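Just so we're on the same page: letters track the sequence lines, and every chain starts at 1. As the structure is a prediction and not an experimental result, all values here were calculated from the model.
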Amino acid sequence: AQSVSQHNHHVILSEAASLELGCNYSYGGTVNLFWYVQYPGQHLQLLLKYFSGDPLVKGIKGFEAEFIKSKFSFNLRKPSVQWSDTAEYFCAVNALSNYQLIWGAGTKLIIKP
Amino acid sequence: DVKVTQSSRYLVKRTGEKVFLECVQDMDHENMFWYRQDPGLGLRLIYFSYDVKMKEKGDIPEGYSVSREKKERFSLILESASTNQTSMYLCASSAGTSGTQETQYFGPGTRLLVL
(Lines give C-alpha, C1' and ligand atoms only; values in the text may rest on other atoms or scores of the structure.)
Protein backbone atom coordinates (compact mmCIF):
# COMPACT_ATOMS: atom_id res chain seq x y z
CA ALA A 1 0.00 0.00 0.00
CA GLN A 2 1.08 3.54 -0.65
CA SER A 3 2.36 5.49 2.31
CA VAL A 4 3.88 8.85 3.11
CA SER A 5 6.45 9.28 5.85
CA GLN A 6 7.32 12.54 7.54
CA HIS A 7 10.45 12.07 9.55
CA ASN A 8 9.86 14.49 12.37
CA HIS A 9 6.65 14.93 14.30
CA HIS A 10 7.89 18.01 16.14
CA VAL A 11 10.52 20.55 15.15
CA ILE A 12 11.55 23.54 17.25
CA LEU A 13 13.69 26.26 15.72
CA SER A 14 14.73 29.79 16.50
CA GLU A 15 13.84 32.65 14.19
CA ALA A 16 16.19 33.01 11.21
CA ALA A 17 17.20 29.34 11.34
CA SER A 18 17.02 27.29 8.18
CA LEU A 19 14.31 24.69 7.84
CA GLU A 20 14.11 21.35 6.12
CA LEU A 21 11.17 19.00 6.68
CA GLY A 22 11.49 15.54 5.25
CA CYS A 23 8.87 13.67 3.26
CA ASN A 24 9.25 10.26 1.66
CA TYR A 25 6.65 8.24 -0.17
CA SER A 26 6.42 4.61 -1.12
CA TYR A 27 4.65 4.63 -4.48
CA GLY A 28 6.81 3.57 -7.43
CA GLY A 29 4.88 5.15 -10.27
CA THR A 30 4.29 8.73 -11.36
CA VAL A 31 3.01 10.93 -8.59
CA ASN A 32 1.80 14.41 -7.80
CA LEU A 33 3.19 15.85 -4.57
CA PHE A 34 1.80 18.45 -2.21
CA TRP A 35 2.68 20.31 0.95
CA TYR A 36 -0.18 21.74 2.96
CA VAL A 37 0.05 23.93 6.03
CA GLN A 38 -2.30 24.51 8.94
CA TYR A 39 -1.62 27.67 10.92
CA PRO A 40 -3.06 27.78 14.44
CA GLY A 41 -6.80 28.30 14.27
CA GLN A 42 -6.87 28.36 10.47
CA HIS A 43 -7.93 26.09 7.64
CA LEU A 44 -5.55 23.64 6.07
CA GLN A 45 -4.23 25.29 2.93
CA LEU A 46 -1.93 24.50 0.03
CA LEU A 47 1.69 25.60 0.42
CA LEU A 48 3.04 24.24 -2.87
CA LYS A 49 2.70 21.33 -5.26
CA TYR A 50 4.66 19.47 -7.89
CA PHE A 51 3.30 17.54 -10.84
CA SER A 52 5.87 17.95 -13.64
CA GLY A 53 8.78 20.04 -14.91
CA ASP A 54 11.40 21.67 -12.71
CA PRO A 55 11.78 19.47 -9.61
CA LEU A 56 12.42 22.55 -7.47
CA VAL A 57 9.06 24.07 -6.69
CA LYS A 58 8.49 27.44 -5.06
CA GLY A 59 5.45 28.11 -2.94
CA ILE A 60 3.98 30.83 -0.81
CA LYS A 61 5.79 32.65 2.00
CA GLY A 62 9.28 31.77 0.78
CA PHE A 63 8.91 28.01 0.99
CA GLU A 64 10.29 25.65 -1.62
CA ALA A 65 10.44 21.89 -2.07
CA GLU A 66 12.61 19.62 -4.15
CA PHE A 67 11.38 16.43 -5.76
CA ILE A 68 14.11 13.79 -5.93
CA LYS A 69 12.64 10.86 -7.80
CA SER A 70 15.50 8.47 -7.06
CA LYS A 71 15.02 9.02 -3.34
CA PHE A 72 11.20 9.10 -3.41
CA SER A 73 11.46 12.35 -1.51
CA PHE A 74 9.83 15.78 -1.54
CA ASN A 75 11.47 17.77 1.24
CA LEU A 76 10.25 21.21 2.23
CA ARG A 77 12.76 24.00 2.82
CA LYS A 78 12.93 27.60 3.89
CA PRO A 79 16.25 29.42 4.30
CA SER A 80 15.19 31.63 7.20
CA VAL A 81 12.09 30.93 9.27
CA GLN A 82 9.92 33.47 11.03
CA TRP A 83 7.79 33.21 14.14
CA SER A 84 4.71 33.30 11.87
CA ASP A 85 5.78 29.99 10.30
CA THR A 86 4.67 28.20 13.44
CA ALA A 87 2.18 25.68 12.08
CA GLU A 88 1.62 22.04 11.27
CA TYR A 89 2.91 20.92 7.88
CA PHE A 90 1.55 17.97 5.94
CA CYS A 91 3.04 16.21 2.96
CA ALA A 92 0.60 14.43 0.62
CA VAL A 93 0.95 12.28 -2.46
CA ASN A 94 -1.46 11.53 -5.25
CA ALA A 95 -0.72 8.65 -7.57
CA LEU A 96 -1.92 9.29 -11.07
CA SER A 97 -4.32 6.39 -10.97
CA ASN A 98 -6.82 7.86 -8.53
CA TYR A 99 -8.06 11.00 -6.85
CA GLN A 100 -7.11 10.06 -3.33
CA LEU A 101 -4.43 11.93 -1.51
CA ILE A 102 -2.26 9.88 0.83
CA TRP A 103 -1.19 12.02 3.76
CA GLY A 104 1.81 12.02 6.04
CA ALA A 105 1.31 12.24 9.78
CA GLY A 106 2.29 15.91 9.86
CA THR A 107 5.13 17.88 11.42
CA LYS A 108 4.44 20.48 14.07
CA LEU A 109 6.86 23.34 13.65
CA ILE A 110 7.39 25.75 16.52
CA ILE A 111 9.47 28.87 15.95
CA LYS A 112 10.84 30.51 19.05
CA PRO A 113 10.89 34.32 18.82
CA ASP B 1 -11.75 32.66 -3.07
CA VAL B 2 -13.11 29.22 -2.49
CA LYS B 3 -15.13 28.94 0.65
CA VAL B 4 -15.84 25.67 2.37
CA THR B 5 -18.01 25.91 5.45
CA GLN B 6 -18.87 23.30 8.04
CA SER B 7 -22.01 23.47 10.11
CA SER B 8 -20.38 23.29 13.52
CA ARG B 9 -16.94 24.00 14.94
CA TYR B 10 -17.55 21.92 18.07
CA LEU B 11 -19.99 19.15 18.85
CA VAL B 12 -20.55 17.02 21.92
CA LYS B 13 -22.64 13.89 21.48
CA ARG B 14 -23.45 10.79 23.47
CA THR B 15 -22.59 7.23 22.50
CA GLY B 16 -25.26 5.79 20.24
CA GLU B 17 -26.55 9.10 18.94
CA LYS B 18 -26.89 9.71 15.22
CA VAL B 19 -24.67 12.61 14.22
CA PHE B 20 -24.86 14.76 11.10
CA LEU B 21 -21.94 16.88 9.93
CA GLU B 22 -22.69 19.26 7.10
CA CYS B 23 -20.32 20.78 4.59
CA VAL B 24 -21.07 23.39 1.93
CA GLN B 25 -18.79 24.76 -0.79
CA ASP B 26 -19.53 27.79 -2.92
CA MET B 27 -17.30 27.21 -5.97
CA ASP B 28 -19.32 24.70 -7.95
CA HIS B 29 -16.69 22.04 -7.29
CA GLU B 30 -17.31 18.51 -8.52
CA ASN B 31 -15.35 16.68 -5.85
CA MET B 32 -15.94 16.72 -2.12
CA PHE B 33 -14.15 14.83 0.63
CA TRP B 34 -14.54 13.95 4.28
CA TYR B 35 -11.44 13.29 6.38
CA ARG B 36 -10.74 12.73 10.00
CA GLN B 37 -7.61 14.21 11.50
CA ASP B 38 -6.02 12.59 14.54
CA PRO B 39 -2.70 13.52 16.16
CA GLY B 40 0.18 11.52 14.74
CA LEU B 41 -1.99 9.96 12.03
CA GLY B 42 -2.39 12.85 9.63
CA LEU B 43 -5.57 12.94 7.56
CA ARG B 44 -7.45 9.78 6.73
CA LEU B 45 -10.08 9.75 4.02
CA ILE B 46 -13.51 8.55 5.10
CA TYR B 47 -15.52 9.08 1.91
CA PHE B 48 -15.40 11.19 -1.17
CA SER B 49 -17.88 12.17 -3.85
CA TYR B 50 -17.14 13.07 -7.46
CA ASP B 51 -20.68 14.00 -8.44
CA VAL B 52 -24.13 14.46 -7.02
CA LYS B 53 -25.41 11.20 -5.54
CA MET B 54 -22.07 9.52 -6.27
CA LYS B 55 -19.78 8.40 -3.47
CA GLU B 56 -16.70 6.30 -2.96
CA LYS B 57 -15.35 4.76 0.20
CA GLY B 58 -12.05 6.01 1.45
CA ASP B 59 -9.67 4.29 3.81
CA ILE B 60 -11.84 4.26 6.94
CA PRO B 61 -15.55 4.22 5.99
CA GLU B 62 -16.72 1.88 8.76
CA GLY B 63 -19.29 3.50 11.03
CA TYR B 64 -19.88 6.38 8.62
CA SER B 65 -22.15 7.14 5.71
CA VAL B 66 -22.46 10.16 3.43
CA SER B 67 -25.05 11.96 1.41
CA ARG B 68 -24.71 14.30 -1.53
CA GLU B 69 -28.11 15.37 -2.77
CA LYS B 70 -26.93 18.73 -4.09
CA LYS B 71 -23.63 19.62 -5.70
CA GLU B 72 -22.64 22.14 -3.06
CA ARG B 73 -23.47 20.06 -0.01
CA PHE B 74 -21.82 16.91 1.34
CA SER B 75 -23.00 15.42 4.61
CA LEU B 76 -21.22 12.95 6.85
CA ILE B 77 -23.39 10.76 9.05
CA LEU B 78 -22.31 8.80 12.07
CA GLU B 79 -25.07 6.23 12.34
CA SER B 80 -24.40 5.39 15.98
CA ALA B 81 -21.64 7.49 17.47
CA SER B 82 -18.94 5.74 19.45
CA THR B 83 -16.15 7.11 21.60
CA ASN B 84 -13.51 6.08 19.06
CA GLN B 85 -15.11 8.52 16.63
CA THR B 86 -14.02 11.44 18.78
CA SER B 87 -11.88 13.39 16.35
CA MET B 88 -11.48 16.45 14.16
CA TYR B 89 -13.50 16.11 10.95
CA LEU B 90 -12.39 18.04 7.88
CA CYS B 91 -14.35 18.61 4.72
CA ALA B 92 -12.62 19.52 1.47
CA SER B 93 -13.55 20.18 -2.12
CA SER B 94 -11.72 20.30 -5.44
CA ALA B 95 -12.74 21.45 -8.88
CA GLY B 96 -12.80 18.08 -10.61
CA THR B 97 -11.34 19.47 -13.82
CA SER B 98 -7.61 18.85 -13.42
CA GLY B 99 -7.47 15.28 -12.30
CA THR B 100 -4.90 14.32 -9.73
CA GLN B 101 -3.06 17.66 -9.81
CA GLU B 102 -5.88 19.46 -8.10
CA THR B 103 -5.68 21.50 -4.97
CA GLN B 104 -8.10 20.57 -2.25
CA TYR B 105 -9.76 23.40 -0.33
CA PHE B 106 -10.58 22.75 3.28
CA GLY B 107 -13.20 23.86 5.72
CA PRO B 108 -12.39 24.92 9.29
CA GLY B 109 -13.12 21.50 10.74
CA THR B 110 -15.59 20.14 13.28
CA ARG B 111 -14.18 18.90 16.53
CA LEU B 112 -16.46 16.09 17.70
CA LEU B 113 -16.41 14.69 21.20
CA VAL B 114 -18.40 11.52 21.83
CA LEU B 115 -19.05 10.78 25.48
Please state whether the side chain, the backbone, both or neither of Gln42(A) comes within less than 4.5 Å of a heavy atom of chain B. neither
Residues, nucleotides or ligands: over 12 heavy atoms within 6.0 Å of Lys108(A) NZ: no
Region of Tyr35(B) that comes under 4.5 Å of a non-hydrogen atom in chain A: side chain
Compute the ring centroids of Tyr105(B) and His43(A), then answer whether they are less than 6.0 Å apart. no
Considering only heavy atoms, which portion of Asp38(B) lies under 4.5 Å from any heavy atom of chain A: side chain, backbone, both, or neither? neither
Donor on one side chain, acceptor on other, Glu22(B) and Ser7(B), under 3.5 Å: no
Residue, of Phe51(A), Tyr36(A), Tyr50(A), Trp103(A), that accumulates the most heavy atom pairs under 4.5 Å with chain B: Trp103(A)
Identify which part of Glu88(A) has an atom lying under 4.5 Å from any heavy atom of chain B, answering side chain, backbone, both or neither. side chain
Indicate the atoms forming the closest heavy-atom contact of Lys71(B) with Met32(B), along with that distance. O-SD, 3.6 Å
Ignoring hydrogens and angles, state whether a donor on the side chain of Arg111(B) or Tyr89(B) is under 3.5 Å from an acceptor on the partner side chain. no
Does any heavy atom of chain A fall under 4.5 Å from the side chain of Gln104(B), the backbone, both, or neither of them? both
Could you check Gln6(A), His7(A), Lys71(A) and say which one makes a side chain to side chain donor-acceptor pair (under 3.5 Å) with Asn24(A)? His7(A)
Chain A contact via Leu43(B) - side chain, backbone, both or neither, heavy atoms under 4.5 Å: both
